[in-house]
Each structure stands twice: as C-alpha cells, then as structure tokens.
A.B. asks: 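Provided herewith is a single structure, encoded as structure tokens, for subsequent inquiry.
Values in this document were obtained by computation on a predicted structure and should not be read as measured data.
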Amino acid sequence: MLSYICLSWALLVLLTGSTVSELIMIGEVGKDLTVPCRYNVQNKNSITSMCWGRDRCPTSKCSQPIIWTDGWRVTERHSSRYQLRGDLQSGDVSLTILDAREADSGTYCCRVEIPGLFNDQLTNHKVVVKKARISTASPHTYTSEQTSAPGSTSESSSTATRIWPLVSASEAAQTASTPCSGPSDCLDVSANLQNTSVSLPSQQHPERGLYIGIGSCAALLLILILALILT
C-alpha cells in the first residue's frame, strides 16, 4: 500500500512538474532582436540563476548554452552578440541578439532555476529571422518633347529648313482653288508639287544694250578722226 502511494506521488510530480510554454519571435536581418523572458522576484532571496540555450529545454540545465547568469551578473557568454540588457534583480532575463542573422533562426530555451524539485520555469521560443523586404515597384518615367536649339544639326532642324521647288503664282492659285476629289487626287497633287521644277526666263538687262550702243558710236567716231588725220 505504501509503495503504491509513493509510485502515484512520483508520477504526479513528473506529470505536474515543470510546465513548458512556447512563443514565436520574428526578427529582421541586421537589426537587434529581443527574446522576452521573466520570472517573479519577491525579494532578494528569490533572485536565482538561469540560462539560455539553442534548443528545446531538456529535463535539466540548457542544451547548447549560450549565456548564463547567477541572477546578479552574467557568468558565462558564448558570444558578445548575446546580451542580457534587462534588470536581472527584477527578474527581467530577456535575451537580446545583436545584429541578427538568418543563422540565428531556431529554437531558444529560457530556463529559470527555481529551488525545489521540478520547479524550474521553462520557456521555448521559436525565433525566425528574415531579410528585409525590397520594393519592386518601377519608378515613374516622364517624357518631354524636346526642341532643337538654333544652329543644331538634328533631323528636326534640317526638315524645318528644307527648300521646295519654286512654283509660279498662277499654278499655286490654281492648285489651291481646285479641291481634291479624293485622297488619291490629293496625293497626286502633292507629288506633282514636289517633283515639278519651274524654270524662270532669264531677265533682260536694257542697260547692257545701251552700253554696247555707246561703245560702237565711240569706235566709229575714233575711226573717222583717224581717217581725217591721215588724209
């Protein structure tokens, strides 16, 4: 009877012993990440030791411990990137990971060693460290119509200064007054205007004839004077 009672008590202690809770923390690469963990401190006598480990909380201690404290100060540290920045004497034993990396993702155990059989406070944290999101929205594109500066050799300026063949005033008036009977007629008229070359008659200069007449008279007069002298 006594052995049965002892066995039942042992099973009850094992089943109702330390309870384990689990939380999820999400961080960003390159930024500090704080994983919370606290325990109740009523007085100085209740300040106790604790540890952080890189795995789920085992039955005792911490698997792959990364930092230890005796409740007053840090006694062991795996890397300077792991910090306990909270007030240890008030029970704040939150873990701060400096410059978080994707490799820091995983399960972390916060184990507070409370005196007594199976009294330890256990908390498992699932930490996920992700890269920062990069916006993929394309920038706005603005287009503007540019005008060639004077003296430039761009195509627009050469087109603006193109010289068309000369057309007489009568032909231009006749072309302008005659409406197009259809799109094909208008195209023909435009082609004819571009391909037609008008030759203007050379202008006569009356001054040139006058100078020739005067020169001829002077030559005859000079010949006459020479003939008189010789005779």
A.B. asks: Please collect all ring pair (Phe, Tyr, Trp, His ring centres under 6.0 Å) contacts where either partner lies in residues 22-53, sequence neighbours excluded, each pair once.
C.D. replies: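 Ring pair (Phe, Tyr, Trp, His ring centres under 6.0 Å) check on residues 22-53 returns Trp52-His125.
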A.B. asks: What's the separation between atom CD1 in Ile114 and atom CG in Leu122, rounded to the nearest 0.5 Å?
C.D. replies: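 If I round to the nearest 0.5 Å, the distance is 9.0 Å.
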A.B. asks: Can you list every disulfide (SG to SG under 2.5 Å) pair that touches residues 73-116, not counting sequence neighbours?
C.D. replies: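 Matches after skipping sequence neighbours: Cys37-Cys110, Cys57-Cys109.
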A.B. asks: Just by distance, with hydrogens left out, do Asp92 and Ser94 show a side-chain donor and acceptor under 3.5 Å apart?
C.D. replies: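 Present: a donor and an acceptor within the cut-off.
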A.B. asks: Just how far is it from atom CG of Asp120 to atom SG of Cys62, taken to the nearest 0.5 Å?
C.D. replies: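 Between Asp120 CG and Cys62 SG, I get 9.0 Å after rounding to 0.5 Å.
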A.B. asks: Are side-chain N/O atoms of Thr34 and Thr96 paired as donor and acceptor at under 3.5 Å?
C.D. replies: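 Yes, side-chain donor-acceptor contact under 3.5 Å.
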A.B. asks: Hydrophobic cluster membership, with links at side-chain heavy-atom distances under 4.5 Å among I/L/V/M/F/W/Y: are Ile97 and Met25 in one?
C.D. replies: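 Same cluster.
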A.B. asks: Indicate the atoms forming the closest heavy-atom contact of Leu84 with Val93, along with that distance.
C.D. replies: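 Closest heavy-atom pair between Leu84 and Val93: CD2-O, 3.7 Å.
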A.B. asks: Is a side-chain N or O of Arg111 found less than 3.5 angstrom from the main chain of Pro58, in a donor-acceptor match?
C.D. replies: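 Confirmed, Arg111 side chain pairs with Pro58 backbone.
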A.B. asks: Donor-acceptor pair, distance only, cut-off 3.5 Å: does the side chain of Gln121 make one with the backbone of Arg38?
C.D. replies: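 At least one qualifying donor-acceptor pair exists.
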A.B. asks: Would you confirm whether Asn119, through its side chain, and Pro115, through its main-chain N or O, come within 3.5 Å as a donor-acceptor pair?
C.D. replies: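 Here the side-chain-to-backbone pair exists.
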A.B. asks: Taking Val129's backbone N and O only, do any of them form a donor-acceptor pair with Ser105's side chain (distance below 3.5 Å, no angle check)?
C.D. replies: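 Present.
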A.B. asks: Assess, by modelled atom type and distance only, whether the side chains of Thr48 and Glu113 contain a donor and an acceptor separated by less than 3.5 Å.
C.D. replies: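 Result is no, nothing qualifies.
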A.B. asks: Output, in order, the C-alpha distance, side-chain angles, deciding distance and verdict of salt bridge (charged side-chain N to carboxylate O under 4.0 Å, His left out) for Glu28 and Lys131.
C.D. replies: CA-CA 6 Å; Glu28 186 175 318; Lys131 291 183 179 180; over 6 Å; no
A.B. asks: May I have all residue pairs that pass side-chain hydrogen bond (donor to acceptor under 3.5 Å, both in side chains) and include part of residues 71-83, sequence neighbours excluded?
C.D. replies: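 Passing the test, one end in residues 71-83: Arg81-Asp104.
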A.B. asks: As an exercise, state the distance from CD1 of Ile24 to CD1 of Ile26, rounded to the nearest 0.5 Å.
C.D. replies: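 Reported to 0.5 Å precision, the distance equals 7.0 Å.
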A.B. asks: Where do Lys130 and Glu102 land on the salt bridge (charged side-chain N to carboxylate O under 4.0 Å, His left out) test, with the steps shown first?
C.D. replies: CA-CA 6 Å; Lys130 299 180 179 181; Glu102 289 185 287; over 6 Å; no
A.B. asks: State whether the side chain of Asp32 and the backbone N or O of Asp99 hold a donor-acceptor pair below 3.5 Å, judged by distance alone.
C.D. replies: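 Checked: pair present.
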A.B. asks: Quick one, Tyr108 and Leu95 - any side-chain contact, counting heavy atoms below 4.5 Å?
C.D. replies: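 Counting from C-beta outward, Tyr108 and Leu95 do come under 4.5 Å.
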A.B. asks: To the nearest 0.5 Å, what is the distance between NZ on Lys126 and CZ on Arg56?
C.D. replies: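 Between Lys126 NZ and Arg56 CZ, I get 10.5 Å after rounding to 0.5 Å.
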